[in-house]
Amino acid sequence: MVKEKTHVNVVIIGHVDSGKSTTTGHLVYKCGGVDQRRLEKFEKRCSRAERERGMTIDISLLKFNTQRYSMTIIDAPGHRDFIKNMITGTSQADVALLVVSAAQGEYEAGVSRSGQTREHALLAYTLGVKQIIVCVNKMDLTKPPFSQKRFEEVVRGVNGFLKKIGYETGTVPFVPISGWTGENMITATQKMPWFQGWKSRRRGGNAIGRTLLEVLDSIQPPVRTINKPLRLPLQDVYKIGGVGTVPVGKIETGVLKPGMTLMFSPAKITAEVKSIEMHHQGMEQGLPGHNVGFNIKNVAVKNLRRGDVAGNAQQDPPTDVSSFEAQVIILNHPGKVKAGYSPVLDCHTAHVTCRFAELKEKIDRRTGNKVEDDPQLLISGDAATVKMIPIKPMCVESFFSYPSLGRFAARDLKQTVAVGVIKSVVKAQGSKLKA
Ligand SMILES: Nc1nc2c(ncn2[C@@H]2O[C@H](COP(=O)(O)OP(=O)(O)OP(=O)(O)O)[C@@H](O)[C@H]2O)c(=O)[nH]1
């Protein structure tokens with residue numbers, strides 16, 4: 001049997017027009033598993049949706065293979081809801097690919113105060129994406145073309161702010177590429193003979209690859225969370241004739257098996273798993289990353305809904321929370337955020353209004369150090385620790401215990417006003433679990 005490649009989720013980040021689509025498009029066309037027709041269809045849908053509604057695009061179709069990994073591009077910015085998707089997206093990114101344009105003026109704009117390069121990198125780091133690869137793109141447009149001096153200038157600059165954000169520089173690889181003309185994407189170019197591969201401190205100074213594809217192949221395999229208790233946020237619940245109630249969703253942690261007794265929270269319902277399916281095939285078990293449908297008996301469809309979380313009733317079952325403490329970053333709020341502010345939170349598949357009950361402390365975004373106790377208000381750009389109270393039952397977890405159930409986007413006025421990670425939760429029955 002052919003060994004299945006390890007699956008890796010990649011998020012593409014970088015300033016507008018840095019070449020994210022061009023670069024990823026190149027990878028997918030050359031190393032992709034998506035057939036041309038589907039890709040064309042996707043592209044059509046993509047541009048129409050973007051034009052008309054600025055809608056979020058499901059680009060889960062974008063896949064490509066390296067030697068060791070099967071990679072899925074889980075989201076790319078430029079879409080209005082990128083930040084929300086990055087946080088609540090169906091999969092967690094294992095690695096971030098930061099695209100930086102080396103073209104004259106474009107690099108400078110990207111790393112300027114209003115540029116998105118730092119913002120995206122900070123967001124990736126805050127959300128726990130600790131592996132990052134930087135492609136220094138548009139090398140064909142440097143002056144002179146393919147300039148080593150320009151590459152080194154970009155490396156110095158980007159390393160400087162990655163270090164401030166918290167990334168361990170020296171281990172972050174940089175590759176000079178042209179996503180447009182293809183240099184160093186799949187095959188090594190002769191046009192940049194000065195680049196013989198990124199020398200990684202982690203690999204004792206050995207070069208880890210001259211091409212973007214090789215560098216992607218050199219990442220640390222993601223640690224899967226198979227040994228943790230089961231968490232399966234429901235996407236939907238179906239009633240299927242002759243079968244019964246079938247909830248569907250993606251397994252975030254743990255293992256789902258027939259015969260297991262599940263607890264659904266906040267529905268507070270237990271039920272036994274009869275069978276499990278993925279892509280219409282029966283399975284003996286479901287593992288993290290699997291999108292499954294499973295049949296449970298004696299539970300009416302109306303008693304379960306999207307946003308409920310299934311877990312093993314015998315092993316740290318999920319429960320709803322009466323409050324939680326989160327570290328938030330206010331992104332776009334036109335006014336002032338004060339205690340009592342109640343935006344809608346998107347956390348895993350749940351969508352629940354939560355109140356900023358207490359603003360506990362304002363913190364420095366980069367160092368995480370406290371800068372003020374009990375602030376009266378927060379404005380765009382501020383980071384703070386806040387106590388939040390959901391206005392109806394909701395199951396969330398600390399980011400530390402279950403990352404994908406512990407990060408959220410807060411929405412108001414049709415935009416993402418804040419993003420956050422949950423530091424600790426108070427379970428509804430009163431026991432406080434500290435992260
Ligand atoms: N010469 C050259 N042009 C490039 C390269 N990569 C991208 N471009 C061009 O730069 C422009 C922006 O590229 P995109 O791939 O759309 O950039 P993006 O980052 O996806 O843009 P947004 O989604 O709007 O943020 C396009 O006109 C591309 O053709 C490159 O390596 N060399």
Side-chain angles (χ1 to χ4, degrees), residues 10-32 39-40 42-59 61-62 64 73-86 89 93 96-112 114-121 123-124 132-148 150-151 153-155 158 174-192 195 210-213 215-216 331 416:
V10 187
V11 64
I12 315 294
I13 58 179
H15 191 62
V16 56
D17 280 351
S18 55
K20 298 176 292 293
S21 316
T22 309
T23 307
T24 48
H26 196 112
L27 284 170
V28 172
Y29 279 110
K30 293 282 166 67
C31 314
L39 208 56
E40 273 166 17
F42 153 74
E43 277 169 350
K44 256 192 214 145
R45 193 160 54 102
C46 188
S47 52
R48 193 181 62 224
E50 269 183 325
R51 260 201 324 270
E52 289 175 5
R53 290 191 277 166
M55 232 176 66
T56 309
I57 294 132
D58 171 15
I59 50 169
L61 295 175
L62 293 187
F64 62 93
I73 296 166
I74 58 167
D75 210 346
H79 310 134
R80 204 173 67 184
D81 270 349
F82 162 66
I83 289 175
K84 176 186 151 194
N85 285 352
M86 185 149 164
L97 188 63
L98 172 63
V99 182
V100 180
S101 168
Q104 226 58 43
E106 290 189 6
Y107 161 68
E108 287 74 10
V111 295
S112 69
S114 58
Q116 292 144 338
T117 319
R118 290 165 202 260
E119 194 68 39
H120 286 167
L123 191 63
I132 188 166
I133 293 169
V134 185
C135 351
V136 180
N137 190 32
K138 305 199 188 180
M139 287 302 294
D140 57 308
L141 292 183
T142 63
K143 287 194 180 116
F146 305 106
S147 158
Q148 177 177 11
R150 179 63 164 173
F151 174 70
E153 183 187 352
V154 173
V155 171
V158 174
F174 286 73
V175 201
I177 61 161
S178 168
W180 181 246
T181 46
E183 277 80 14
N184 284 353
M185 289 288 297
I186 315 293
T187 48
T189 178
Q190 300 308 315
K191 292 183 182 150
M192 292 180 265
F195 185 74
R210 277 180 69 183
T211 64
L212 179 57
L213 196 64
V215 171
L216 281 163
L331 293 173
T416 303

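What you see is a predicted model, and the numbers here were worked out from it, not measured in a lab. Start at 1 and go down the list; that is how both ligands and their atoms are numbered.
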Item to check | Worked check of side chain to side chain contact (heavy atoms under 4.5 Å, CB included) between Trp180 and Leu141 | outcome: CA-CA 10 Å; Trp180 181 246; Leu141 292 183; over 6 Å; no
Item to check | Sole residue of Val154, Asn137, Ile13 in side-chain contact (heavy atoms from CB on, under 4.5 Å) with Val100 | outcome: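 In the set Val154, Asn137, Ile13, the residue that makes a side-chain contact (heavy atoms from CB on, under 4.5 Å) with Val100 is Val154.
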Item to check | Glu183-Thr189 side chain donor-acceptor pair, cut-off 3.5 Å | outcome: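 Not at all, the side chains of Glu183 and Thr189 share no donor-acceptor pair under 3.5 Å.
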Checklist entry - For the side chain of Glu153 and the backbone of Arg150, is there at least one donor-acceptor N/O pair under 3.5 Å apart? => result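 Not a single qualifying donor-acceptor pair exists.
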Checklist entry - Are side-chain heavy atoms of Phe174 and Val215 found at a separation under 4.5 Å? => result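 No, their side chains stay 4.5 Å or more apart.
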With only distance considered, is [X] within less than 3.5 Å of ligand 1 through an N or O on each side?
X: Asp17; result: yes
X: Met139; result: no
X: Ser18; result: yes
X: Gly19; result: yes

Of all the atoms in ligand 1, which lie at a distance below 4.0 Å from a heavy atom belonging to [X]?
X: Val16; value: 24 (O), 25 (O)
X: Leu141; value: 1 (N), 2 (C)
X: Thr22; value: 6 (N), 7 (C), 13 (O), 14 (P), 15 (O), 28 (C)
X: Ser178; value: 30 (C), 31 (O), 32 (N)

Item to check | Shortest reach to atom 19 (O) of ligand 1 by a heavy atom, considering only His26, Lys20, Glu106 | outcome: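 The nearest heavy atom belongs to Lys20.
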Checklist entry - Would you call Gly14 a ligand 1 contact, heavy-atom distance under 4.0 Å? => result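 Not so, Gly14 does not reach ligand 1.
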Next on the checklist: Let's go through Val99 and Ile177 carefully: what are the C-alpha distance in whole Å and the side-chain angles of both, what is the deciding distance for side chain to side chain contact (heavy atoms under 4.5 Å, CB included) to 0.1 Å, and is it a yes or a no?
Outcome noted: CA-CA 10 Å; Val99 182; Ile177 61 161; 5.8 Å; no
Item to check | Distance in Å, Met192 CE paired with Ser147 OG, rounded so as to fall on 0.5 Å steps | outcome: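 Taking CE in Met192 and OG in Ser147, the distance rounds to 10.5 Å.
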